[in-house]
Structure formats: structure tokens, C-alpha cells
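Below: one structure, written as C-alpha cells.
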Protein chains: 2
Amino acid sequence: MSSESTNHEPPTADARPRRRADAQRNIGSLLEAAKEVFASEGVDAPAKEIADRAGVGVGTLYRHFPKRSDLVLAVLEHDVEACVEAARTLSAAEEPGDALVHWIGRYTDVVATKRGLAAALHSGDAAFEGLGQRLLAQLEPSLAALLERAEDAGAIRRDVDPDDLLRAVAHLCAPGPDGTAFSQRMVRLLLDGLRA
Amino acid sequence: MSSESTNHEPPTADARPRRRADAQRNIGSLLEAAKEVFASEGVDAPAKEIADRAGVGVGTLYRHFPKRSDLVLAVLEHDVEACVEAARTLSAAEEPGDALVHWIGRYTDVVATKRGLAAALHSGDAAFEGLGQRLLAQLEPSLAALLERAEDAGAIRRDVDPDDLLRAVAHLCAPGPDGTAFSQRMVRLLLDGLRA
DNA sequence: ATAGAAGTGGAAGTACGTTCCGCTTCTATT
DNA sequence: AATAGAAGCGGAACGTACTTCCACTTCTAT
């Protein structure tokens, strides 16, 4: 909980001169508060809860993050970047098949760990409009590269779409009575279905 | 849309003397209305919508179906029974492996067709408490029988839990941009993972 | 120091779920 | 057919949450 390095641009990032210092501070507080609240109550926790914990009014929350999905995405940014990075690292360090499996495992963890994320992704709720698309857009290239490499190595079949796979895993990550164990089992089963 | 044959017992069915005729009629109207509304707006449609369409007050809806899951389950009853029946029929008529695949296909249709059902099942929303458990309880024996037969025939691996499979398929059935096509594709992939 | 832009907070409007209870309708009984 | 009491009904009332809006505050460039 120290650095606020990432420069945030919720809406269109363009010819903005600069952002007032207090606004920047509030955005930081909101992100921190949201991370905590999301972890303990899920991504559909009341807006007031987050605003209160951040010490700002709800208006400020909505100003910076008009849709719930903006906030979720911002909180997830770090995880998503880590996934993209991991794809590079794994691809360089492991066999094509292993790299793929390990990366999927990591992605599974990210989604399964965020309480209510999987449900939110497919709730159809307007507040989460586009969340799935945006996550997909960021991760699709990473997975596509891993898949292609595995295909070329003959480790997996050739008819699997990266978007499909990302969506499927996200679906399977809804929390159940036995924590993430169920998710892990099912994702493994799905991966078995991938083999050539 | 003609017969109201099924005798409904939302709560505990026991030493109830009888049910007033108008109440029985209202329950019928509510089920019919709910089926229509669920189909067009999803299982989390506003309660008033359903009550209005049935021509009753919201109080009446809540009296007969205290939790949303009671209503959903009642509407699904017919589909669930058809699934149970299909398990018997398919098991008698087809090869073990084929029977399993066809049955899963049918189950997939049932879940994928109900707008919002998959999302509701894992929303964690209190209103849907126990819905998953109850559906699982009704369908588990059917699938267990099919699985065992397929296992004995050497068609599939032996480490698959019927509950897991039912839950996994239900998860995969959340509606996406391409209708049920995605669900079907993913379930097929999962089934490929099942092979011995 | 100051003008004006940027940002803030929370009240107000909206929507929906759920409960509660006075009133209506049914049914068993005579 | 009349009637008493049980069963059921409707919808107003209340609570919770989302979202918008604008008078007011705070910041920053000059």
C-alpha cells in the first residue's frame, strides 16, 4: 500500500492538461477502499460503503468511476498486467504445453479470487456492461500467443478460440461451497479436452 | 397453456387439509406469468411485473413463493422432470457414451434457454439460496447412473463427480453475444476432457 | 491575493424488494 | 339459504441502493 504510480484515465484519455492534486488523492483512496471492499463483500458491494471507507462522498465516486465496471477494471489493472507479463515469462521459460497450462492456472486464480467477479461478468447487469469485453481485449493477445505456440508444438488441438477459452474459464470460476477447488478441477478438465 | 395438473406445495407438504380454490387458481396464474416473464426478461425480473401479469397483488406472489428460488424451481419443475425421464430413455436406447453426451446436451439446453438462470445460480444472491442445491439434488441421480454406465463401458475416465459436472455445465451456460452457441462449444470441450 | 476552473458532498429522485394487516372471498356447517 | 370463521388477498408503507445534480468548497495559475 505505498505507491500510486499508475496514472488513471477512466474516461477518454486525451488533451487533459492535468488533474488536480486532491482529485488524484481521492482516486487513490477510492481504489484502495474498493480493493478492500471488493475482497470482503464482492464486486457488487454498495457504492456508499466504498465511498465512506475512502472518506469521500458518493458523488466523487461516480465522478471518477461512472460505471461499476470502471472501478472493477481499475482495481484489476494490476492483476491483468501481471497476467500479460506472466505470459511472456512463461512462454520463454517453459515447454509450450506447460506454459499454456500454467498461465491458465494463474488466470484462474485471478478470477476465482475476486468474490463475485465471475457472477458479475455474466450478470447482464448494465453496471458491468463491457467489463468482459475489456478484460478479454487485454488478455486475448497473451493467450493467443500461448495457444499458437502450443498448437505448433502439437500439444493441443487447433480449433480453440482464445476468447472462448477466457470466457469459459471465467464462467467456471464462480465461487462454490468448496472454495476455488471446484474451479481448479473444472478448468483442469477443460484443459484435458484441449489436448490434441 | 391449458392444464394445471401439478399439485403445488411450495413449503413443507404435510397435514394440510386442502387449499382454497381461488388460491390454487392464483398459483396457476403466477406460474404461467412467471414462465413468460422469465423467458422475456430473465429470472430476476421485477416481482411486480409477474404479479401484474398474473392479475394478483405482490402480496399474493410472496405468500405462495416466499423466495424467488421457489418460483424459479416451480417453473423449472417440468423441465427437470423431463430431464430425469430422458435419462431413463436414453440409457435404454443408446450406447453408454452416446447416452451421456446426448443427455448433457439436453441439460445444457434447459439451462442455457432460461435467461439469467446460470447467472442467478451463482450470484450468491440470498433470493436464490438453495436453488442450485435443489436442482442438483433432483438431477444428480440421473447423471450418476449415466456416468457409471459410461465408466463401466470404458468410454470415460473414472474420476468425474456428477455434481461437479452439473455445476460446471450450468456455469458454462451463461448467455453470451452468440446465443447458446458458445455454451454448446464449451460443453463439448468439457466432454472431450471426460474421455478415458 | 484573487479569479475562475475543477472538484466535492450529500440531498433528492427513482426503482425495487419485502412485510404487514384491514378487508374480501371462500367453505363447512346448520 | 344464511352465516361464522378461516383462508387468502391487495397494495400501501417502509427500507435499501443506485444515480443525478448543483450550490458550495478547494485548488492552481497568474
Side-chain angles (χ1 to χ4, degrees), chain A residues 8-31 33-34 37-38 41-72 116 120 123-129 131, chain B residues 8-31 33-34 37-38 41-72 116 120 123-129 131:
Chain A
H8 248 305
E9 307 285 346
T12 53
D14 255 324
R16 195 72 51 76
R18 208 189 327 169
R19 179 162 252 143
R20 247 171 64 172
D22 55 344
Q24 195 67 253
R25 215 179 314 126
N26 282 338
I27 289 175
S29 305
L30 279 167
L31 284 177
V37 173
F38 285 174
E41 302 192 39
V43 295
D44 49 2
K48 182 151 196 307
E49 186 101 4
I50 299 167
D52 283 353
R53 184 182 279 249
V56 306
V58 278
T60 302
L61 194 170
Y62 280 99
R63 157 173 287 265
H64 294 300
F65 304 98
K67 313 184 72 166
R68 179 58 63 108
S69 59
D70 296 322
L71 187 52
V72 176
S123 62
D125 190 328
F128 295 107
E129 194 65 46
L131 215 196
Chain B
H8 248 308
E9 309 284 345
T12 55
D14 256 325
R16 194 75 49 76
R18 209 188 328 167
R19 180 164 253 142
R20 246 171 64 173
D22 54 344
Q24 195 66 253
R25 216 179 313 127
N26 283 335
I27 290 175
S29 305
L30 280 168
L31 284 176
V37 173
F38 285 174
E41 302 192 39
V43 294
D44 48 2
K48 183 151 193 309
E49 186 101 3
I50 298 168
D52 283 353
R53 184 183 281 250
V56 305
V58 280
T60 301
L61 194 168
Y62 280 98
R63 157 172 287 265
H64 294 301
F65 304 97
K67 314 185 71 166
R68 180 56 65 108
S69 58
D70 296 321
L71 188 52
V72 176
S123 62
D125 191 326
F128 294 107
E129 193 64 47
L131 215 195

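This one's a predicted model, so the numbers in the text were calculated from it and none came from an experiment. In the text below, chain A, chain B and the rest are named by the order of the sequence lines, each starting its count at 1.
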A:Arg63 or A:Pro46, whichever maps to the more 5' nucleotide of DNA chain D: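 Comparing both residues, the 5'-ward one is A:Pro46.
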Proximal nucleotide (of D:dC9, D:dC18, D:dT20) relative to the A:Val58 side chain: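 Side chain of A:Val58 sits closest to D:dT20.
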Got a list of protein N/O to nucleotides 26-30 of chain D N/O distances below 3.5 Å?
| unit_1 | atom_1 | unit_2 | atom_2 | d |
| --- | --- | --- | --- | --- |
| D:dT26 | O2 | A:Arg20 | NH1 | 3.0 |
| D:dT26 | O2 | A:Arg20 | NH2 | 3.3 |
| D:dT28 | OP1 | A:Ala21 | N | 3.0 |
| D:dA29 | OP1 | A:Arg18 | NH2 | 2.8 |

Whole-Å gap separating [atom2] ([N]) and [atom1] ([X]):
X: B:His64; N: C:dT18; atom1: NE2; atom2: C1'; answer: 16 Å
X: A:Lys48; N: C:dG9; atom1: NZ; atom2: P; answer: 12 Å
X: B:Gln24; N: C:dT25; atom1: CD; atom2: C1'; answer: 16 Å
X: B:Arg53; N: D:dG10; atom1: CZ; atom2: P; answer: 17 Å
X: B:Ile50; N: C:dC16; atom1: CD1; atom2: C1'; answer: 13 Å
X: A:Glu129; N: D:dT19; atom1: CD; atom2: P; answer: 13 Å
X: A:Leu71; N: D:dC18; atom1: CG; atom2: C1'; answer: 14 Å
X: B:Asp52; N: D:dG10; atom1: CG; atom2: P; answer: 11 Å

Can you name the closest pair of heavy atoms from [X] and [Y] and give their distance?
X: B:Ala23; Y: B:Arg19; answer: CB-CG, 4.1 Å
X: A:Pro46; Y: A:Glu41; answer: CD-OE1, 4.2 Å
X: A:Leu131; Y: A:Ser69; answer: CG-CB, 3.8 Å
X: B:Phe38; Y: B:Ile50; answer: CE2-CD1, 3.8 Å
X: B:Pro66; Y: B:Asp70; answer: CD-OD2, 3.4 Å
X: A:Ala45; Y: A:Val37; answer: CB-CG1, 3.4 Å

Residue mapping more 5' on DNA chain C - nearest nucleotide basis, B:Tyr62 or B:Gly59: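 Per heavy-atom nearest nucleotide, the more 5' residue is B:Tyr62.
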Comparing A:Val56 and B:Arg68 on DNA chain C - which has the more 5′ nearest nucleotide: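 Its nucleotide being nearer the 5' end, the pick is A:Val56.
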Touch class at under 4.0 angstrom, heavy-atom based, for A:Ala45 against every strand present: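 Sugar-phosphate contact only - A:Ala45 comes under 4.0 Å of backbone atoms but never of a base.
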Side-chain N,O (B:Thr60) to OP1/OP2 (D:dG10) below 4.0 Å: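 Result: yes.
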Any side-chain heavy-atom pair of A:Phe65 and A:Val72 under 4.5 Å: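 Result no, sub-4.5 Å side-chain heavy-atom pair not found.
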Base-pairing assignment for D:dT30 (Watson-Crick or G-U wobble, both under 3.5 Å):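 Base partner found: C:dA1.
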